[in-house]
Asker: 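Mind looking over this structure? Questions follow.
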Amino acid sequence: GHPVSAAVAMANLDIFEHEGRSYCTPEAFEKRGVFLYVLDAGSRQWSLAAPLLENFAAVDPTIIRHGERWWMFCTCRDDQDQDKEGATHS
């Protein structure tokens with residue numbers, strides 16, 4: 001996969017673990033999406049695991065698991081003046 005770019009904001013990095021692996025969803029509203037990265041334990045490098053949301057300028061994407069569902073919360077940069085938040089699940 002693609003490594004995490006230096007252009008991706010690491011200040012609002014959401015890191016979580018699942019089945020012994022570490023994942024993150026760095027803020028990337030400039031790329032208009034939410035991208036899931038996985039940490040390679042050997043090299044300690046992040047690489048792209050999957051795009052989660054495309055064509056959406058997500059700010060502060062946060063992923064949690066509740067019961068059997070994964071939830072993602074974020075705000076849309078395009079709607080910043082309207083103070084909207086969104087949530088989706090799978």
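Residue numbers count from 1 along this sequence.
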Asker: Taking only residues two or more places apart in sequence, or in another chain, which ones meet Arg21 in a salt bridge (charged side-chain N to carboxylate O under 4.0 Å, His left out)?
Answerer: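 Salt bridge (charged side-chain N to carboxylate O under 4.0 Å, His left out) check on Arg21 returns nothing, list empty.
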Asker: Give the minimum heavy-atom separation between Leu48 and Leu36, together with the two atoms involved.
Answerer: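 Looking at all heavy atoms of both residues, the closest pair is CD1-O, 3.5 Å.
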Asker: Identify, with sequence neighbours excluded, every residue that meets side chain to side chain contact (heavy atoms under 4.5 Å, CB included) alongside Leu39.
Answerer: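 Ser22, Arg44, Trp46.
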Asker: Quick check for you: to the nearest 0.5 Å, what is the distance between Leu52 atom CG and Met72 atom CE?
Answerer: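 Here the interatomic distance stands at 6.0 Å.
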Asker: From Arg32 CZ over to Arg77 CZ, what is the distance, rounded to the nearest 0.5 angstrom?
Answerer: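 The CZ atom of Arg77 is 11.0 Å from CZ of Arg32, to the nearest 0.5 Å.
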Asker: In the structure I gave you, are the side-chain heavy atoms of Arg65 and Phe16 within less than 4.5 Å of one another anywhere?
Answerer: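 Of all side-chain heavy-atom pairs linking Phe16 with Arg65, none is under 4.5 Å.
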Asker: Can you spot which of Ile15, Val38, Ile63 makes a side-chain contact (heavy atoms from CB on, under 4.5 Å) with Tyr23?
Answerer: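 It is Val38; the other options fail the test.
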Asker: Quick one: ring-ring contact (aromatic ring centres under 6.0 Å, His included) partners of Phe29, sequence neighbours excluded?
Answerer: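 ring-ring contact (aromatic ring centres under 6.0 Å, His included) check on Phe29 returns nothing, list empty.
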Asker: Provide the closest heavy-atom pair for Cys74 versus Pro61 in the form atom of the first, atom of the second, distance.
Answerer: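 Where Cys74 meets Pro61 most closely, the heavy atoms are CB-CA, 3.9 Å.
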Asker: Between the side chain of Glu27 and the main-chain N/O of Asp60, is any donor-acceptor distance below 3.5 Å?
Answerer: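 Indeed, once roles are kept as given, a pair shorter than 3.5 Å links the two residues.
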